[in-house]
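Beneath this line is the structure, given in structure tokens, with notes to follow.
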Amino acid sequence: MIVKAIGWITSFEEGLSRAKVENKLVFLDFFNPN
Amino acid sequence: MDAVAYPDSAVIEFVNSSLIPLRIQADDPDLAPRFKVKWTPNLLILELDGSEQYRTLGFYPPGELIASLLLGMGKAFFNRPDRPAACDCFGRIIRELPDSSLAPEAIYLNGVSNYIESHDVSHLIGIYDRLVADYPDSPWVMRADPYRLLKGPT
């Protein structure tokens with residue numbers, strides 16, 4: 001299956017939890033929605 | 001970033017396989033002040049505990065974004081310290097993205113990481129030689145300049 005988008009997480013706590021489970025660093029993008 | 005870098009297939013593959021991608025609005029009432037966000041794009045690499053290891057501002061084209069993320073990952077591993085993992089990241093920039101504006105910094109940090117591990121000054125001399133040979137106009141030549149003195153008299 002071809003993944004066509006970045007699998008963004010939008011919860012900080014969930015991101016850190018996933019990072020620990022998968023032992024990966026976090027890429028945090030603070031973005032302007034406007 | 002949404003128009004050019006993030007839809008790029010290489011960026012998608014790299015981010016999804018190498019990192020936990022987390023996206024937060026820059027006006028988040030808790031996290032924006034905590035991370036002192038004053039401008040966007042504002043891209044960070046965080047450790048597993050949420051501590052900031054790397055930050056960069058501004059827009060990136062796809063290849064340069066991958067180089068920047070590798071540099072940030074390398075710095076995070078360097079700080080752990082897990083220097084073999086750091087060298088893997090810096091080495092990928094050097095080998096796979098040699099035209100990146102970040103390649104000279106990667107050469108510098110790769111050489112420093114190898115020196116710390118081995119205490120072999122040839123790694124420091126190698127930084128200077130490689131930068132002068134391949135990136136003579138880079139400001140990193142100035143930062144590596146003292147290492148040329150380690151060569152001794154010729």
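Chain A is the first sequence line, chain B the second, and so forth, proteins listed ahead of strands; every chain is numbered from 1.
Within the model, atoms CG of A:Leu16 and CD1 of B:Ile20 stand 10.0 Å from one another, a figure rounded to the nearest 0.5 Å. For the atom pair CG (A:Leu28) and CD (B:Gln53), the distance works out to 12.5 Å, reported to the nearest 0.5 Å. Atom CZ of A:Arg18 sits about 11.5 Å away from atom CG of B:Leu19, to the nearest 0.5 Å. Atoms CG and CG, on B:Asp27 and A:Asn32 in that order, are 7.5 Å from each other to the nearest 0.5 Å.
Heavy-atom pairs under 4.5 Å with chain A were tallied for B:Glu52, B:Arg34, B:Arg55; the largest tally goes to B:Arg34.
Proximity to chain B (any heavy atom under 4.5 Å) is shown, for A:Ser17, by neither the backbone nor the side chain. Looking at B:Asp49, only its backbone comes within 4.5 Å of chain A, counting heavy atoms on both sides. Residue contact with chain A, scored on non-hydrogen atoms closer than 4.5 Å, involves the side chain of B:Leu69 exclusively. Only the backbone of B:Ser17 comes within contact range of chain A, judged by heavy atoms closer than 4.5 Å.
Contact annotation: the side chain of B:Phe35 approaches that of A:Phe12 to within less than 4.5 Å [non-hydrogen atoms, C-beta and beyond].
The heavy-atom pair separating A:Asp29 from B:Arg23 by the smallest distance is OD2-NE, 2.8 Å. Annotation for B:Met73 and A:Leu25: closest pair CA-CD1, 3.8 Å, computed over non-hydrogen atoms. Nearest heavy atom pair, residue A:Phe30 against residue B:Ala26, reads CD2-CA, 4.3 Å. In terms of heavy-atom proximity, B:Leu48 sits nearest to A:Asn23 at CD1-OD1, 3.5 Å. What you find for B:Thr40 and A:Phe31 is that their closest heavy atoms are CG2-C, 4.0 Å. Across every non-hydrogen atom of B:Pro21 and A:Gly7, the tightest pair is CG-O, 3.4 Å.
At a threshold of 4.5 Å between side-chain heavy atoms, the hydrophobic network of Ile, Leu, Val, Met, Phe, Trp and Tyr places B:Leu109 and B:Leu97 in one connected group.
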